[in-house]
Amino acid sequence: MVEKLDSFEQFDNVFKIISKCTDDYLFILDFIEDHYNITERAAEVFNIPGPDFYNATETLNNVVHPEDREMLSDNLGMIKAGKSNGHDLEYKWLNKNGNPVWISCRGQVIRNEQGEAHFLVGRVSELGRKNKIDNITGLYREISLHQNIAQMEKSSTNGFLLLIGIDNFKDINERYTKEVGNSTLKGLAKCIKKAAGSTAEIYRMSGDEIMVLCKDIVSDGMDPAKNMYKKIRAAVNESIGEKGYRLFYTISGGYVYFTEKDNFGLNYIEKAEFALRIAKIRGKNMCICYKQKDYDEYVQKLEMQEALRKAAENGFEGFELYYQPIVNMEKACIYGAEALLRWRSGKFGMVSPGIFIPLLEESGLIIPVGRWVIEEAMRQCLKWQEKCPGFRVNINISFVQLKKSNVISDIDSYIEKYGFSSNNVLFEITESGELESGYATQNILEAFHRRSLNLAIDDFGTGYSNLRYIKEMMFNLVKIDQAFIRGIKSSQYDYMVVKQFTELAHSLNLKVCYEGVETEEDFKCVMELKPDYIQGFYFSKPVPVAEFEEKFLGKENVY
């Protein structure tokens, strides 16, 4: 049918009918008359004078992005020289606001009887609409990477995938607006192109992430992927400096290698994504190589988290409280005990608190489990008070409980339910920067004081060690971290630090407890410093309820 059309007007009439059936922009370019016609809708989007205009060569040259003009000129020159009968390019046109829009322009040349190129007939597609090109960065989208990988599976090659992500990108959007975030992404894409040169293919992934694919690499003993990351980071730092450090950001990277023997597939994208996640977890502004060991540990972590969830749902099955005695040094007797959470899993066995408690906090399960701990410890303390009037229990409170649950209300309800005296319980909070994170945390801690609930700062000396805020937040007890106690015999520094901590705390009318007293030598040494309480393996490790009762209840003196 096309062969029977021999005039510009005939093409125009046909296009007006067909354009109603497609989202593409149909066009005809008359080389001889330098005349151009395109679907009317295109004139609403792109920086052209209208759907029909003469002086087409100059006008189209102005609408094409400057970076792509030479490429387009070369292609049209080949058509006019009779070296090509087709036009199939992806490049950028400028829209009405002067911003680049990626297009795919495909057309067929129709020559006259003299063999001259007379018409170029075809269509223009916005690649952004087809999810192929990202209009912000000008990079191919993830769907193109998937297509590339599908082709690579049919051939043998080696190389790597390097996924780059902007650290704290959400903060950039929220602090400086989304437009600044888009500009940052665009700048990162330019830096990656500059660093990678022609050796890589680059794709816009989701959010703030950009993937670099390098094939057929030759290693010179260096790590090519990490070296690429360093080049990109150097380009980013240079760009930030050129802009006067108005906006400073860092990038993280995750990469994975593939070889000719690999069954290359989309799972390699997932591996690069996982490596990037690990880089951000470990502190950001770094690049991590995918390791199967890390992934296996991550999967086990997820499985353990799921086991913890099921345990909490099934009446806290597998959870148990162990108790470690706290000794009153003045009276040489048991003052009370610290309740310490333990968990035995049918699948994982006895799991260290250092492993499962962070998982409880990350998942939010620490909130229901923490409620169970508070109630269970209070009930047990009441039983022991029948034999030892005045027995006290220390209970650990996570900052997740403080910030994300109404822990005060929980405590109030259990005190009322069991008729428990607030004098017989002390809540331990680990020292950290969270203590100075703002008014919200301080208000919660002050609520403890208003209800006459005793507070201790745990692991003192490992965080900010600010006795000023201890007094302001009205803590009752300071627990010196065991790291200082364990070195107290051999380190004059540790000895003096503990001595000064103790004297300062006493000057503020605070009680002091030493944790981690394990040997007789430790015990004799710390006695000189006059702590109020001691806790450690020297007296006992944490033990189950029955063992605690057998060893300590009813005994007047323990040393």
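Residue numbers start at 1 and run along the sequence shown. Please read all numbers here as calculations on a predicted model, not as lab measurements. The figures here come from the full heavy-atom set of this structure, side chains too, leaving out hydrogens, waters and symmetry mates.
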Residues two or more places apart in sequence or in another chain: which of them pass side chain to side chain contact (heavy atoms under 4.5 Å, CB included) with [X]?
X	value
Ser540	Pro325, Val543, Lys551, Phe552
Ser413	none
Arg246	Lys243

Going by heavy atoms in the side chains, are [X] and [Y] under 4.5 Å from each other?
X	Y	answer
Ile269	Met205	yes
Val517	Phe539	no
Ile355	Trp343	no
Gln385	Phe391	yes
Trp384	Val545	yes
Lys404	Ile367	yes
Met378	Asn424	no
Ile534	Tyr335	no

| task | Scan Asn285, Asp208, Ile172 and name whichever one has a side-chain contact (heavy atoms from CB on, under 4.5 Å) with Tyr249. | result |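 Per the side-chain contact (heavy atoms from CB on, under 4.5 Å) rule, the option paired with Tyr249 is Ile172, out of Asn285, Asp208, Ile172.
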
With a cut-off of 3.5 Å and sequence neighbours excluded, list every side-chain donor-acceptor pair involving residues 505-513.
from   : atom 1 : to     : atom 2 : distance (Å)
His506 : NE2    : Asp532 : OD2    : 2.8
Ser507 : OG     : Leu504 : O      : 2.5

| Centroid-to-centroid, Phe274 to Tyr295, below 6.0 Å? | yes

| Phe448 and Phe427 aromatic centres sub-6.0 Å | yes

| message | Would Leu455 and Leu426 count as a side chain to side chain contact (heavy atoms under 4.5 Å, CB included) here? Give the steps. | response | CA-CA 6 Å; Leu455 282 175; Leu426 181 143; over 6 Å; no

Measuring from [X]:[atom1] to [Y]:[atom2], what's the distance to the nearest 0.5 Å?
X	Y	atom1	atom2	answer
Ile251	Glu209	CD1	CD	12.5 Å
Tyr414	Glu376	OH	CD	10.5 Å
Met304	Gln300	CE	CD	4.5 Å
Cys287	Ile164	SG	CD1	6.0 Å
Cys214	Tyr257	SG	OH	9.0 Å
Ile457	Asp481	CD1	CG	11.0 Å

| remark: Ile192 and Ile202 have their tightest heavy-atom pair at CG2-CD1, 3.6 Å

| field | side-chain hydrogen bond (donor to acceptor under 3.5 Å, both in side chains) between Asp223 and Tyr255, worked out | value | CA-CA 11 Å; Asp223 185 331; Tyr255 63 96; 2.6 Å; yes

Restricting to side chain to side chain donor-acceptor pair (under 3.5 Å), what partner residues turn up for [X], sequence neighbours left out?
X	result
Tyr290	Gln292
Glu362	Lys301
Asp167	Thr250, Ser252
Lys284	Asn168

| message | Enumerate the salt bridge (charged side-chain N to carboxylate O under 4.0 Å, His left out) contacts for residues 411-427, please, sequence neighbours excluded, ordered by first and then second residue. | response | Glu375-Lys417, Asp412-Arg451

| said: Tell me which pairs pass salt bridge (charged side-chain N to carboxylate O under 4.0 Å, His left out) where either residue lies in residues 302-325, with sequence neighbours left out. | reply: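 For residues 302-325: Glu303-Lys347, Glu306-Arg309, Arg309-Glu313.
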
| request: Start with the C-alpha gap between Asp522 and Tyr514, add the side-chain angles, then the distance that decides, and say whether side-chain hydrogen bond (donor to acceptor under 3.5 Å, both in side chains) holds. | output: CA-CA 11 Å; Asp522 291 339; Tyr514 292 170; over 6 Å; no

| query | ring pair (Phe, Tyr, Trp, His ring centres under 6.0 Å) between Phe523 and Tyr538: does it pass, once the steps are laid out? | reply | CA-CA 8 Å; Phe523 180 69; Tyr538 177 68; 4.7 Å; yes

| task | Go through the steps for Tyr533 and Gln535 under the test side-chain hydrogen bond (donor to acceptor under 3.5 Å, both in side chains), then give the verdict. | result | CA-CA 7 Å; Tyr533 309 107; Gln535 181 180 347; over 6 Å; no

Could you go through residues 176-191 and list every donor-acceptor pair under 3.5 Å that involves a side-chain atom there, pairing it with any protein atom two or more places apart or in another chain?
from   : atom 1 : to     : atom 2 : distance (Å)
Thr177 : OG1    : Glu179 : OE1    : 3.4
Thr184 : OG1    : Val180 : O      : 2.8

Got a sec: does the [atom1] of [X] have more than 12 other heavy atoms crowding it under 6.0 Å?
X	atom1	value
Tyr493	OH	no
Arg379	CZ	yes
Lys541	NZ	no

| side chain to side chain contact (heavy atoms under 4.5 Å, CB included) between Ile485 and Glu515, worked out | CA-CA 7 Å; Ile485 304 302; Glu515 297 182 287; 5.7 Å; no

| task | Go through the structure and list residues passing salt bridge (Lys or Arg N to Asp or Glu O under 4.0 Å) with Asp294, not counting sequence neighbours. | result |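 Asp294 satisfies salt bridge (Lys or Arg N to Asp or Glu O under 4.0 Å) with Arg282 once adjacent residues are dropped.
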
| request: Answer yes or no on whether Lys226 is positioned over the face of Tyr229, meaning its NZ or CZ is under 6.0 Å from the six-membered ring centre and within 45° of the axis. | output: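 No; the conditions do not both hold, so Lys226 does not lie above the ring face of Tyr229.
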
| Out of Arg392, Gln324, Lys479, which residue meets the side chain to side chain donor-acceptor pair (under 3.5 Å) rule with Glu338? | Lys479

| Identified side chain to side chain donor-acceptor pair (under 3.5 Å) counterpart of Tyr203 within the set Thr137, Asn148, Asp134 |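 Single pass found, and it is Asn148.
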
| task | Before giving the answer on side chain to side chain contact (heavy atoms under 4.5 Å, CB included), spell out for Asn396 and Ile357 the whole-Å C-alpha distance, their side-chain angles and the decisive distance to 0.1 Å. | result | CA-CA 11 Å; Asn396 289 284; Ile357 288 180; over 6 Å; no

